[in-house]
Amino acid sequence: MTQSGGVSLKRDLFGEVRRVQARPDGHEQECVLRDTTLAARGVGWLARRLAAREARALHALRRVAGVPRLVSWDGRRLVRSWVAGVPLQAAGGVGRPYFREALALLRRLHAAGLVHNDLAK
């Protein structure tokens, strides 16, 4: 899989998260790259462990609509599909339909044996 360019979304002790263009199967698509090779010294092992956990969760949710798709995981870099959206606090007021849809998605996550640790995203 090839990937190009991108925009940094977050940089912290665990590495960097970038929005990139990737070609996992020859077709270009927007993706998110979590790169643990850029983790701070001493926490790379934890960054890889957390990314591996994310990869397992995305794999478990591969048939659930409304969640990103796992594109690749090589033990150091995780690539998942991009899901467009804005943070809830920036949405400028959401109504009942939003919360009905969010609750339905949360129930699908729970049915798959998973929970989300940050429902504001």
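Please read all numbers here as calculations on a predicted model, not as lab measurements.
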Do [X] and [Y] have side-chain heavy atoms sitting under 4.5 Å apart?
X	Y	value
Glu30	Arg19	yes
Arg69	Arg80	no
Arg62	Val67	no

Can you give me every donor-acceptor pair (side chain of residues 31-38, partner residue at least two apart or in another chain, under 3.5 Å) with its distance?
{"from": "Arg34", "atom 1": "NE", "to": "Glu54", "atom 2": "OE1", "distance (Å)": "2.8"}
{"from": "Arg34", "atom 1": "NH2", "to": "Glu54", "atom 2": "OE1", "distance (Å)": "3.3"}
{"from": "Asp35", "atom 1": "OD1", "to": "Thr37", "atom 2": "N", "distance (Å)": "2.9"}
{"from": "Asp35", "atom 1": "OD1", "to": "Thr37", "atom 2": "OG1", "distance (Å)": "2.5"}
{"from": "Asp35", "atom 1": "OD2", "to": "Thr37", "atom 2": "OG1", "distance (Å)": "3.4"}
{"from": "Thr36", "atom 1": "OG1", "to": "Arg76", "atom 2": "O", "distance (Å)": "2.6"}

**Prompt:** So which heavy atom on Leu114 is nearest to which on Ala60, and how close?
**Reply:**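 Between these two residues, the closest heavy atoms are CD1-CB, 4.1 Å.
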
Side-chain donor-acceptor distances from residues 104-112 under 3.5 Å, at least two apart:
{"from": "Arg108", "atom 1": "NH2", "to": "Ala65", "atom 2": "O", "distance (Å)": "3.1"}

Pairs of donor and acceptor atoms involving the side chains of residues 39-53, under 3.5 Å and at least two apart or interchain, shall be tabulated with distances.
{"from": "Trp45", "atom 1": "NE1", "to": "Gly42", "atom 2": "O", "distance (Å)": "3.1"}
{"from": "Arg48", "atom 1": "NH1", "to": "Gly44", "atom 2": "O", "distance (Å)": "3.2"}

**Request:** Considering only NZ, NE, NH1 and NH2 on the basic side and carboxylate oxygens on the acidic side, decide whether Glu16 and Lys10 come within less than 4.0 Å.
**Result:**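 Lys10 and Glu16: not salt-bridged.
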
**Item:** Point-to-point distance, once rounded to the nearest 0.5 Å, from CH2 of Trp73 to NE2 of His59
**Value:**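 These two atoms lie 14.5 Å from each other.
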
